[in-house]
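For reference, the structure discussed in these notes is given below.
For this chain, numbers begin at 1 and follow the sequence in order.
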Amino acid sequence: MPSTLALRCVHLFAGCSDEVLQHIALLCNWRTVAAKTSLFSRESSGGEVYFLLNGRVRITSYSELGREVSFRDYEAGEHFGDLSAIDGQQRSADVIAIEDSLVVSISSAQFLALLDQNALIARHMMQHLTQLVRKLTDRVLELSNLDVPTRVQMELLRLAQAIEPDGSARIEPAPTHAALAGKISATREQVAREISALTKRGLIRKEGSRLLRICAVSDLEALVAMTKRQAV
């Protein structure tokens with residue numbers, strides 16, 4: 001059912017009044033999506049914008065040789081599909097739910113009307129696009145200048161959740177080697193070797209089937225910083 005309370009988790013709508021959220025809630029198409037369900041694929045048509053209220057989805061694509069390239073996982077509060085809504089072009093990536101998820105969507109015309117009518121949402125959208133450009137710039141520099149082990153280490157730090165009192169951090173669920181490889185433009189075998197090396201050095205450890213722990217975040221950060229200095 002349409003809910004202004006559920007929409008409050010969406011970063012793009014931060015600070016919006018109850019009246020604005022109620023208007024958006026009535027515009028949206030609300031639905032649950034099972035894990036492993038595709039929401040849309042690269043080069044498909046359609047300009048709906050999706051807002052993730054619960055669960056996780058993965059933004060990914062495939063090369064001509066069938067190799068998966070993962071951009072990132074989106075969690076509750078994030079949105080996707082906005083690029084096609086803005087420029088009217090085909091989708092630029094595949095999006096698949098990796099957990100059971102609750103999503104809402106609006107048409108491209110409705111999304112553009114929101115940006116025209118609400119300066120706060122439009123400003124948040126500009127900030128989002130600016131952050132996207134900055135992140136993509138950082139990724140290009142990483143892929144151009146850093147070796148696979150360092151890219152693995154940096155991705156683990158990006159995935160780390162809040163640092164705990166003992167200086168460690170959890171990554172849950174633990175990413176597969178294939179998922180990590182897709183995010184850093186490496187092979188699964190290269191990732192597996194680096195994960196094994198970090199485990200032997202005591203920098204990370206597996207806890208059960210779903211949890212990977214960075215034993216000392218500061219130590220892993222220091223290792224990355226040293227490698228970056230050597231690469232300059």
Side-chain angles (χ1 to χ4, degrees), residues 1-33 38-42 44-61 69-142 154-155 157-163 183:
M1 295 293 293
S3 167
T4 58
L5 181 61
L7 290 179
R8 287 201 175 279
C9 80
V10 177
H11 306 323
L12 198 63
F13 303 148
C16 288
S17 66
D18 289 341
E19 182 181 7
V20 170
L21 292 178
Q22 182 63 38
H23 171 67
I24 296 171
L26 294 175
L27 292 177
C28 288
N29 174 34
W30 297 65
R31 65 187 176 114
T32 55
V33 179
S38 172
L39 284 101
F40 56 76
S41 58
R42 187 172 183 267
S44 62
S45 58
E48 295 85 4
V49 179
Y50 294 81
F51 305 96
L52 183 60
L53 304 185
N54 189 31
R56 287 198 304 146
V57 301
R58 178 162 293 159
I59 314 298
T60 188
S61 191
V69 179
S70 295
F71 298 104
R72 56 165 296 197
D73 294 350
Y74 279 22
E75 300 187 354
E78 301 188 88
H79 70 278
F80 52 93
D82 45 306
L83 298 184
S84 292
I86 291 172
D87 65 12
Q89 301 297 310
Q90 294 177 320
R91 301 294 191 183
S92 59
D94 299 87
V95 177
I96 185 170
I98 53 178
E99 295 178 359
D100 293 344
S101 302
L102 173 62
V103 299
V104 298
S105 61
I106 60 175
S107 69
S108 58
Q110 292 168 330
F111 180 69
L112 294 176
L114 278 179
L115 298 182
D116 288 339
Q117 297 163 6
N118 192 296
L120 180 60
I121 296 176
R123 185 160 61 249
H124 288 164
M125 187 63 199
M126 288 190 290
Q127 292 169 345
H128 164 74
L129 292 175
T130 301
Q131 291 170 0
L132 182 62
V133 171
R134 291 183 184 278
K135 289 177 181 178
L136 289 175
T137 300
D138 290 342
R139 280 303 181 96
V140 170
L141 291 173
E142 287 178 20
M154 293 182 67
E155 188 61 31
L157 288 171
R158 270 192 289 264
L159 293 172
Q161 293 153 15
I163 299 177
K183 289 183 178 181

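Closest non-hydrogen pair, Ser92 versus Leu83, comes out as OG-CD1, 4.2 Å. Minimum interatomic distance between Ile106 and Leu114 (heavy atoms only, all atoms of both residues): CD1-CD1, 3.7 Å. Closest of all the heavy-atom pairs between Gly46 and Ser84 is O-CB, 3.9 Å. The shortest heavy-atom contact between Val57 and Ser101 is CG1-OG, 4.4 Å. The two atoms that bring Ala97 and Leu39 nearest to each other are N-CD1, 3.9 Å, heavy atoms only. Looking at every heavy atom in both residues, Phe111 comes nearest to Ala85 through CD2-CB, 4.1 Å.
Taking NE2 of His23 as the start and OG1 of Thr4 as the end, the distance is 14.0 Å to the nearest 0.5 Å. With rounding to the nearest 0.5 Å, the separation of CG in Leu132 from CD in Gln127 is 13.5 Å. Taking OG of Ser108 as the start and CG of Asp87 as the end, the distance is 10.5 Å to the nearest 0.5 Å. Between the CG atom of Leu141 and the CG atom of Leu136 there is a distance of 11.0 Å, given to the nearest 0.5 Å. Between the CG atom in Asp18 and the CG atom in Leu7 there is a gap of 11.0 Å [rounded to 0.5 Å]. For the atom pair Ser17 OG and Leu120 CG, the distance stands at 9.5 Å (nearest 0.5 Å).
In this structure, the side chains of Asp73 and Lys183 come closer than 4.5 Å at one or more pairs of heavy atoms. Between Val133 and Thr137, some side-chain heavy-atom pair lies under the 4.5 Å cut-off. In this structure, Val33 and Tyr50 have side chains that are not in contact, with every pair of non-hydrogen atoms separated by 4.5 Å or more. The shortest side-chain heavy-atom distance between Val10 and Val104 does not fall under the 4.5 Å cut-off. Using a 4.5 Å heavy-atom threshold, the side chains of Ile121 and Ile24 count as touching. Side-chain contact between Glu155 and Leu159 is present, with heavy atoms from C-beta onward closer than 4.5 Å. The side-chain heavy atoms of Asn54 and Thr32, taken from C-beta on, include no pair separated by under 4.5 Å. At a threshold of 4.5 Å between non-hydrogen side-chain atoms, the residues Trp30 and Leu53 count as touching.
Residues His11 and His128 keep their aromatic ring centres 6.0 Å or farther apart.
Distance alone, capped at 3.5 Å, places no donor-acceptor pair between the Ser41 side chain and the Ser44 backbone.
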Item to complete: Take Glu142 and Lys135, measure what salt bridge (charged side-chain N to carboxylate O under 4.0 Å, His left out) needs, and give me the verdict at the end.
Response: CA-CA 11 Å; Glu142 287 178 20; Lys135 289 177 181 178; over 6 Å; no
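Within 6.0 Å of the CZ atom in Arg158, the count of heavy atoms belonging to other residues, nucleotides or ligands exceeds 12. Applying the 6.0 Å contact sphere to CD of Gln161 captures more than 12 heavy atoms from other residues, nucleotides or ligands.
Residues Arg42 and Asp94 are not paired through a salt bridge, judged by the lack of any N-O separation under 4.0 Å between the basic side chain and the carboxylate. Between Arg56 and Glu78 there is no salt bridge, since none of the side-chain N atoms of the basic residue sits less than 4.0 Å from a carboxylate O of the acidic one.
Counting only residues at least two apart or on different chains, no salt bridge (Lys or Arg N to Asp or Glu O under 4.0 Å) pair has a member in residues 106-116.
The aromatic rings of Phe80 and Tyr74 sit perpendicular to each other, their planes meeting at more than 60°, with 30° as the lower class boundary.
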